[in-house]
Amino acid sequence: MTKTTFTRLGVLLSASAFLLAAPVTGWSQDRAPAAPEPSQPVVQKKAETVQLRPLSDFDAIEDETERSIAIFEETGKVLLHPRCVNCHPAGNVPLQTMAMTPHQPPVVRGDANFGVPGLMCNTCHGPENVKVVGQTEDILSIPGNPNWHLAPIEMAWQGRSLGEICEQIKDTDRNGGKTLAELIEHMAEDDLVGWGWNPGEGREPVPGTQEAFGDLYKAWAATGAHCPAP
């Protein structure tokens, strides 16, 4: 073995001894890594609840016609809400969701506003709301009511102003032949109307309560049942 070979071997042995003696920074760790911070669930912000103003708010309006109109305009928070307009469409297809999109699956009004044979309203809509599990994130329940159906076409509200709806509501040819007293009873006590305040999980209810809504209608009729401008 030559002198050069001995020299190289000595260098290699010295380097090996240094590596064995020196700590290997970054090549090993003396403890397990810290556990990651637990994830925080995303909390959906609920839409701010809109309430109906109490009747006392309108007492300061001295002119009875103006007070009557102001009261009816307050009921418009309910009448123009998608929960109500969806069941009062201008065409032959019910609407759904807050965006008031055509009903899926596709259905049509039918002669009795109850669908067509083979796909009547009660094919899917039972006597009460039914919670849905394991479906899409935006469908949490199926609406239900024993009398589930579309409003007759002459009672269509979609695309109409509040003033036009007001005149339509008072017109016995377009409100099912109801008197003002019967109209008040319908708004205040009908359970299908009341569904708007209890629309099932995943749906925004209409503002206020049915009782408050009925009280506004009574006051509107008592002050002359005047309508806003069309």
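Position 1 is the first residue of the sequence, and the numbers go up from there.
Hydrophobic cluster membership differs between Met155 and Val206, with clusters built from Ile, Leu, Val, Met, Phe, Trp and Tyr side chains linked at under 4.5 angstrom. Linking ILVMFWY side-chain heavy atoms closer than 4.5 Å, directly or via other members, places Val85 and Leu79 in two distinct hydrophobic clusters. Cluster annotation: Phe58 and Leu162 are assigned to the same hydrophobic cluster (Ile/Leu/Val/Met/Phe/Trp/Tyr, side-chain heavy-atom contacts under 4.5 Å, transitive). Both Leu216 and Ile61 belong to a common hydrophobic cluster when Ile, Leu, Val, Met, Phe, Trp and Tyr are linked at side-chain heavy-atom distances under 4.5 angstrom. Residues Leu80 and Leu52 fall within the same hydrophobic cluster, defined by Ile, Leu, Val, Met, Phe, Trp and Tyr side chains chained together at heavy-atom separations under 4.5 Å.
With rounding to the nearest 0.5 angstrom, the CZ atom of Phe72 is 9.0 Å from the NZ atom of Lys170. With values rounded to the nearest 0.5 angstrom, Asn86 atom CG is found 9.5 Å from His81 atom NE2. How far CH2 of Trp220 is from CD of Glu73: 12.5 Å, rounded to the nearest 0.5 Å. Taken to the nearest 0.5 Å, the OG1 atom of Thr75 stands 9.5 Å off from the CD1 atom of Ile71. Annotation: the span from Leu150 atom CG to Asn92 atom CG amounts to 8.5 Å, rounded to 0.5 Å. Separation of atoms CG (Leu192) and SG (Cys87) is listed at 6.5 Å; rounding is to 0.5 Å.
Heavy-atom minimum distance, Gly214 versus Ile184: O-CG2, 4.5 Å. Counting all heavy atoms, side chain and backbone alike, Leu180 lies closest to Ala225 at CD1-CB, 4.0 Å. Considering every non-hydrogen atom in both Thr223 and Glu64, the closest pair reads O-CG, 3.5 Å. In this structure, His149 and Cys121 approach most closely via the heavy-atom pair CA-SG, 4.1 Å. The shortest non-hydrogen separation linking Ile169 to Asn175 is O-ND2, 2.8 Å. Glu204 and Arg83 make their closest contact through O-NH1, 2.8 Å (heavy atoms, listed as atom of the first residue, atom of the second, distance).
Checking side-chain atoms of Asn129 against main-chain N and O of Asn198 turns up a donor-acceptor pair under 3.5 Å. Between the side chain of Gln168 and the main chain of Ala156, a donor-acceptor pair closer than 3.5 Å is present. For the pair His125 (side chain) and Pro127 (backbone), a donor-acceptor distance under 3.5 Å is absent. Checking side-chain atoms of Arg109 against main-chain N and O of Gly91 turns up a donor-acceptor pair under 3.5 Å. Panel note: side chain Ser141, backbone Glu201; a donor-acceptor pair is recorded below 3.5 Å. The backbone N or O of Asp191 lies less than 3.5 Å from no partner atom in the side chain of Gln210, so there is not a single donor-acceptor pair. Remark: side-chain polar atoms of Glu154 are not paired, donor with acceptor, to backbone N or O of Arg174 under 3.5 angstrom. In this structure, the side chain of Asp190 does not engage the main chain of Glu185 through any donor-acceptor pair within 3.5 Å. Side-chain N or O atoms of Gln96 include one that pairs as donor or acceptor with a backbone N or O of Gln104 at under 3.5 Å. A donor-acceptor pair under 3.5 Å is absent between the side-chain atoms of Asp171 and the main chain of Glu167, judged by distance alone.
The only option from Ser68, Ser161, Cys166 that meets the side chain to side chain contact (heavy atoms under 4.5 Å, CB included) definition with Pro228 turns out to be Cys166.
Side chains of His226 and Glu66: a donor-acceptor N/O pair is absent below 3.5 angstrom, by distance only.
For Trp148 and Phe114, the gap between ring centers reaches or exceeds 6.0 Å.
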Worked check of side-chain contact (heavy atoms from CB on, under 4.5 Å) between Glu128 and Asn145:
CA-CA 5 Å; Glu128 58 186 20; Asn145 182 275; over 6 Å; no
Between Glu62 and Arg67, does the side-chain contact (heavy atoms from CB on, under 4.5 Å) criterion hold? Intermediate values first, please.
CA-CA 7 Å; Glu62 295 182 3; Arg67 185 163 67 254; 5.6 Å; no
How far apart are the C-alpha atoms of Cys227 and Ile69, what are their side-chain angles, what is the distance that settles it, and do they pass the side-chain contact (heavy atoms from CB on, under 4.5 Å) test?
CA-CA 5 Å; Cys227 293; Ile69 291 172; 6.0 Å; no
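The closest side-chain heavy-atom distance from Cys84 to Val78 is below 4.5 Å. The side-chain heavy atoms of His186 and Lys178, taken from C-beta on, include a pair separated by under 4.5 Å. Under the 4.5 Å side-chain criterion, counting only non-hydrogen atoms from C-beta, Val116 is in contact with Val108. Side-chain contact check for Gln51 versus Pro207: every heavy-atom pair is 4.5 Å or farther apart. Within the 4.5 Å cutoff, the side chain of Asp215 has heavy atoms near those of the Leu55 side chain.
Counting non-hydrogen atoms of other residues, nucleotides and ligands closer than 6.0 Å to CG of Asp63 gives a total above 12.
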